[in-house]
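Inspection log for the structure reproduced underneath, given as structure tokens.
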Amino acid sequence: MFEEFREALRALRTGGVHPSERRPMISDMRDTLVQARVGLADLRTALATTRSRLEGERRELETVRRRKGLAAGISDAETVAIAERYETQHAQRVTVLEQKLVVQEAELAMAEGEVDEMTAELKLAAAGIDSAGPSPKNPPPAAADPAAENLQQELDSLARTRRRAATEAEADEKLAALKRRMEK
């Protein structure tokens, strides 16, 4: 989500930042985090808008179906035909909005996870603590070894790609399940 944030965090953790630059860098990272939180608020607003539109379309669909039933009850073929056309339109809109809602929920969950992770890492960096810590899985960075740094960046990129693919696969599964439900 914010690659520059992660690069700055990596520089803070590896000691690649002069002490005089540390405070302004952390301040910039806090500003980035504030922007990310504003982005989350925008995602939540869009999600609420989609939910509202979906509920409106569901109400319209129910109304059209009720009217179609009433028209069929009095043998008004013309009104039934018009109601069927509108029923199809509203049903399609409901389906699309349900799919959009699933995708927006997945996007919000992914963004919230990233912001939570960034917040925790920033707190540790501001306190001067290495969030990764030396371990067999995450060894201490080599001092000024460009090859090791490039390898670490590539590994980080692969991990992010894997997380993103898993999240997208989950969203795709939910969307497919929703489509199957709508076809019944």
Side-chain angles (χ1 to χ4, degrees), residues 1-10 28-124 131 153-184:
M1 186 171 177
F2 294 96
E3 192 58 39
E4 291 176 16
F5 181 94
R6 296 195 188 286
E7 288 176 17
L9 185 63
R10 192 176 300 116
D28 289 344
M29 291 170 71
R30 281 192 181 111
D31 292 343
T32 301
L33 198 51
V34 167
Q35 291 174 357
R37 288 187 180 131
V38 168
L40 284 178
D42 291 345
L43 287 174
R44 287 184 186 108
T45 301
L47 188 60
T49 300
T50 300
R51 282 187 178 126
S52 175
R53 287 183 57 205
L54 178 59
E55 288 307 311
E57 283 298 326
R58 284 178 176 158
R59 281 192 304 274
E60 289 295 321
L61 182 59
E62 288 174 21
T63 300
V64 167
R65 286 179 176 162
R66 182 178 46 79
R67 289 178 179 167
K68 181 177 107 177
L70 292 172
I74 60 170
S75 300
D76 184 354
E78 184 180 348
T79 303
V80 169
I82 292 170
E84 285 175 346
R85 189 179 80 216
Y86 282 106
E87 180 182 23
T88 301
Q89 288 176 354
H90 287 293
Q92 288 173 341
R93 288 181 187 148
V94 165
T95 301
V96 168
L97 288 170
E98 286 174 341
Q99 293 168 355
K100 182 177 180 178
L101 189 64
V102 168
V103 171
Q104 285 179 321
E105 287 171 341
E107 181 182 21
L108 178 62
M110 184 173 67
E112 284 175 335
E114 288 180 356
V115 168
D116 289 345
E117 181 182 326
M118 289 166 52
T119 300
E121 289 178 354
L122 178 60
K123 285 179 182 177
L124 292 174
S131 63
Q153 288 176 353
E154 190 172 332
L155 289 173
D156 290 345
S157 175
L158 289 172
R160 281 191 306 276
T161 302
R162 186 179 62 232
R163 283 193 307 268
R164 187 177 302 118
T167 302
E168 289 174 359
E170 181 182 346
D172 288 343
E173 288 176 25
K174 288 180 180 179
L175 184 59
L178 179 64
K179 286 180 179 178
R180 285 191 299 274
R181 271 197 331 238
M182 293 304 296
E183 290 174 357
K184 290 184 181 179

Between [X] and [Y], which heavy-atom pair has the shortest distance, and what is it?
X: Leu43; Y: Ala111; answer: CD1-CB, 3.8 Å
X: Glu87; Y: Val64; answer: N-CG1, 3.5 Å
X: Leu47; Y: Glu105; answer: CD1-CG, 3.7 Å

Polar side-chain atom of Thr119 near backbone of Val115 as donor-acceptor pair, under 3.5 Å
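Checked: pair present.
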Beyond-backbone contact of Glu98 with Arg58, side-chain heavy atoms, under 4.5 angstrom
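Result yes, sub-4.5 Å side-chain heavy-atom pair found.
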Would you say Glu60 and Arg93 make side-chain contact, with heavy atoms under 4.5 Å?
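Counting from C-beta outward, Glu60 and Arg93 never come under 4.5 Å.
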Does Lys174 form a salt bridge (charged side-chain N to carboxylate O under 4.0 Å, His left out) with Glu170? I'd like the steps, not just the answer.
CA-CA 6 Å; Lys174 288 180 180 179; Glu170 181 182 346; 3.5 Å; yes
Rounded to the nearest 0.5 Å, what separates atom [atom1] in [X] from atom [atom2] in [Y]?
X: Leu101; Y: Leu175; atom1: CG; atom2: CG; result: 11.5 Å
X: Leu61; Y: Thr88; atom1: CG; atom2: OG1; result: 9.5 Å
X: Arg44; Y: Asp42; atom1: CZ; atom2: CG; result: 10.5 Å
X: Leu40; Y: Thr45; atom1: CG; atom2: OG1; result: 10.5 Å
X: Thr95; Y: Arg181; atom1: OG1; atom2: CZ; result: 11.0 Å
X: Arg53; Y: Lys100; atom1: CZ; atom2: NZ; result: 5.0 Å

With a 4.0 Å cut-off on N to O distance, would you call Glu55 and Arg51 a salt bridge?
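No, this pair does not count.
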Is the shortest side-chain N to carboxylate O distance from Glu114 to Arg163 below 4.0 Å?
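No salt bridge links Glu114 with Arg163.
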Where do Leu178 and Gln99 land on the side chain to side chain contact (heavy atoms under 4.5 Å, CB included) test, with the steps shown first?
CA-CA 7 Å; Leu178 179 64; Gln99 293 168 355; 4.1 Å; yes
